[in-house]
Amino acid sequence: MVALVAGQMIELESLTKTFGTGSEVFTALDDVSITINSNEFFTLLGPSGCGKTTILRVIAGFIDPTRGKVSLDGGDLLTSPPYERPVNTVFQSYALFPHMTVAQNIAFGLEMLRKSQKEVAETVKEMLALVRMTEMADRKTDQISGGQQQRVALARALAPRPKVLLLDEPLSALDFKLRKDMQLELKRLQHETGITFIFVTHDQDEALTMSDRVAVMNAGQIRQIGSPRDIYIRPVERFVADFIGDTNFLPVDLLGTTGDAARVRLASGTEVEAQAARGMQAAGGTVTMAVRPEHATLEPPEGAMMSGQLANVVYVGTDTHYHVELAEGGRFVIRRQNSPGQTQDWQEGQQVGLAFAPGVGQVLRD
């Protein structure tokens with residue numbers, strides 16, 4: 001495993017990209033600034049059309065920005081043509097050569113770079129071992145599985161030892177179980193090679209599983225950058241909280257803030273402590289508080305923070321989801337992890353109470 005080395009690898013400064021002219025102008029990137037570190041697994045996460053793939057295409061040199069700067073390892077990247085950039089890309093479609101063997105596919109890029117036969121042979125052997133495909137070296141790529149094809153595409157992209165590997169939703173064509181396995185494989189490869197990975201996805205689970213840091217995007221802008229834990233636990237606005245995992249949104253009266261702490265009043269009249277999003281003003285008024293389903297519990301309705309009727313109980317294997325119609329209006333979902341021998345102690349139609357610990361709620365910017 002390669003230890004993380006401090007320092008910047010990619011820096012985007014005020015990156016803007018527009019398409020079209022006049023009234024037909026579409027802004028794909030709107031003044032985006034990001035610093036991505038050396039040896040970092042960095043993920044661009046967001047819905048379709050948010051601009052994440054456009055960032056990859058600018059870094060790779062497939063399109064030019066309308067304005068802004070892109071630096072790689074301290075040098076201006078935009079002045080170099082795509083074939084001179086120390087960057088490789090793995091696309092959704094692996095674009096392997098079906099008439100070639102696994103080893104020949106991995107060797108192809110090295111041969112185009114006019115590497116010696118000895119270097120090509122040594123690198124191919126190393127890459128085959130890295131992606132655990134040594135025994136498949138002589139197979140044609142149409143004779144191996146989708147997951148194995150994905151490994152070959154990764155090995156081919158890693159073989160020239162780029163400084164940055166761009167990955168444009170490369171797991172989207174895989175089935176659920178294989179996708180989960182490949183998430184761990186990608187993280188392993190990134191650590192073992194020490195190469196900066198920039199990964200594009202709309203899948204929140206992929207982002208949380210693999211990333212050192214995540215940039216959540218929407219409408220061509222960066223909404224929040226942070227570690228997976230920070231993004232999940234401390235979203236700064238409603239869009240981020242809603243896009244990353246399941247959450248409950250409650251209208252609350254903001255009574256005041258002190259630093260990162262806030263005090264709010266629920267619609268039921270109960271006052272509770274909460275976390276305040278960065279930059280949240282201390283002024284009163286109605287705001288939104290997010291509470292994750294796993295952070296709340298069911299209890300008897302008497303004296304509870306909130307109460308309501310249990311509308312649905314949904315068993316999903318690892319968890320059970322409880323959907324409560326609140327007395328004050330709206331729906332609240334609680335998620336409880338299942339354990340062996342656990343019995344169902346709450347029934348649909350029952351009046352129930354809800355509770356959560358002080359500080360688990362997050363007061364958000366809209």
Side-chain angles (χ1 to χ4, degrees), residues 4-19 26-80 82 85-90 162-170 186-187 190 194-204 206-232 234-237 239-240 243-244 277-279 365:
L4 291 179
V5 178
Q8 300 175 0
M9 177 56 70
I10 290 278
E11 186 168 8
L12 312 180
E13 298 181 59
S14 302
L15 197 64
T16 299
K17 178 61 181 178
T18 59
F19 296 94
F26 168 70
T27 302
L29 295 176
D30 185 7
D31 197 33
V32 171
S33 295
I34 309 173
T35 298
I36 301 172
N37 298 321
S38 299
N39 304 341
E40 182 174 35
F41 199 122
F42 190 91
T43 295
L44 298 168
L45 173 68
S48 297
C50 71
K52 52 190 187 293
T53 295
T54 303
I55 290 177
L56 286 200
R57 290 172 62 82
V58 169
I59 294 173
F62 301 147
I63 59 175
D64 295 322
T66 304
R67 59 180 175 274
K69 298 180 180 179
V70 181
S71 301
L72 189 151
D73 206 12
D76 184 0
L77 191 64
L78 298 180
T79 59
S80 301
R85 300 184 184 192
V87 172
N88 259 351
T89 306
V90 178
K163 291 184 177 180
V164 177
L165 185 65
L166 309 175
L167 302 110
D168 189 5
E169 303 203 49
L186 277 177
K187 187 61 179 174
Q190 192 273 323
I195 293 172
T196 298
F197 279 24
I198 304 178
F199 187 88
V200 159
T201 186
H202 63 273
D203 188 312
Q204 56 185 284
E206 286 184 356
L208 296 176
T209 299
M210 296 185 291
S211 311
D212 295 315
R213 285 190 303 150
V214 178
V216 182
M217 295 189 66
N218 189 38
Q221 297 180 331
I222 302 294
R223 308 310 305 175
Q224 186 174 352
I225 297 177
S227 69
R229 180 179 178 83
D230 190 45
I231 293 288
Y232 186 82
R234 298 295 308 274
V236 298
E237 61 179 47
F239 172 81
V240 176
F243 195 80
I244 303 290
R278 299 178 185 91
R365 300 196 303 265

F243 to Q204 - nearest heavy-atom pair and separation: O-NE2, 3.4 Å
Audit row: K187, T209, side chain to side chain contact (heavy atoms under 4.5 Å, CB included) steps and yes/no: CA-CA 9 Å; K187 187 61 179 174; T209 299; over 6 Å; no
Any donor-acceptor N/O pair, N37 side chain to E40 backbone, under 3.5 Å: no
Value rounded to 0.5 Å, distance of OG1 in T35 from CD in E11: 4.0 Å
From D31 atom CG to L12 atom CG, the distance as rounded to the nearest 0.5 Å: 11.5 Å
Beyond-backbone contact of S33 with I222, side-chain heavy atoms, under 4.5 angstrom: no
Nearest heavy-atom neighbours spanning Q221 and D30: NE2-OD2, 2.9 Å
Minimum heavy-atom distance L166-A60, with the two atoms named: CD1-CB, 3.8 Å
Interatomic spacing from CZ in R85 to OG1 in T79 - rounded to 0.5 Å: 8.0 Å
Any donor-acceptor N/O pair, T43 side chain to L45 backbone, under 3.5 Å: no
Which residues share a side chain to side chain donor-acceptor pair (under 3.5 Å) with K17, sequence neighbours left out: none
Check: Q224 side chain, A215 main-chain N or O, donor-acceptor pair, under 3.5 Å: no
Heavy-atom check, side chain of L44 versus side chain of I34, under 4.5 Å: yes
Pairwise distance CD1(I10) to OG1(T196) - rounded to 0.5 angstrom: 7.5 Å
F197 CZ to L186 CG distance, which is reported to the nearest 0.5 Å: 6.5 Å
Test item: V58 and L78 side chains (from C-beta on) under 4.5 Å apart, heavy atoms: yes
Candidate pair L29 and M217, rule side chain to side chain contact (heavy atoms under 4.5 Å, CB included), full reasoning: CA-CA 10 Å; L29 295 176; M217 295 189 66; 4.1 Å; yes
Nearest-0.5 Å distance, NE2 of residue H202 to OG1 of residue T53: 10.5 Å
Side chain to side chain contact (heavy atoms under 4.5 Å, CB included) between T89 and I59, intermediate numbers included: CA-CA 10 Å; T89 306; I59 294 173; over 6 Å; no
Closest contact, heavy atoms only, Q8 versus S38: O-OG, 3.8 Å
Short side-chain to backbone donor-acceptor contact, K52 and P47, under 3.5 Å: yes
F42/I225 under side chain to side chain contact (heavy atoms under 4.5 Å, CB included): CA gap, chis, key distance, verdict: CA-CA 10 Å; F42 190 91; I225 297 177; 4.2 Å; yes
Considering all heavy atoms, the nearest P170-V90 contact: CB-CG1, 3.9 Å
For residues 63-73, which side-chain donor-acceptor pairs fall under 3.5 Å, sequence neighbours excluded?
from	atom 1	to	atom 2	distance (Å)
T66	OG1	T18	N	2.9
T66	OG1	T18	OG1	3.3
D73	OD2	K163	NZ	2.9

Nearest heavy-atom neighbours spanning F41 and M210: CG-O, 3.6 Å
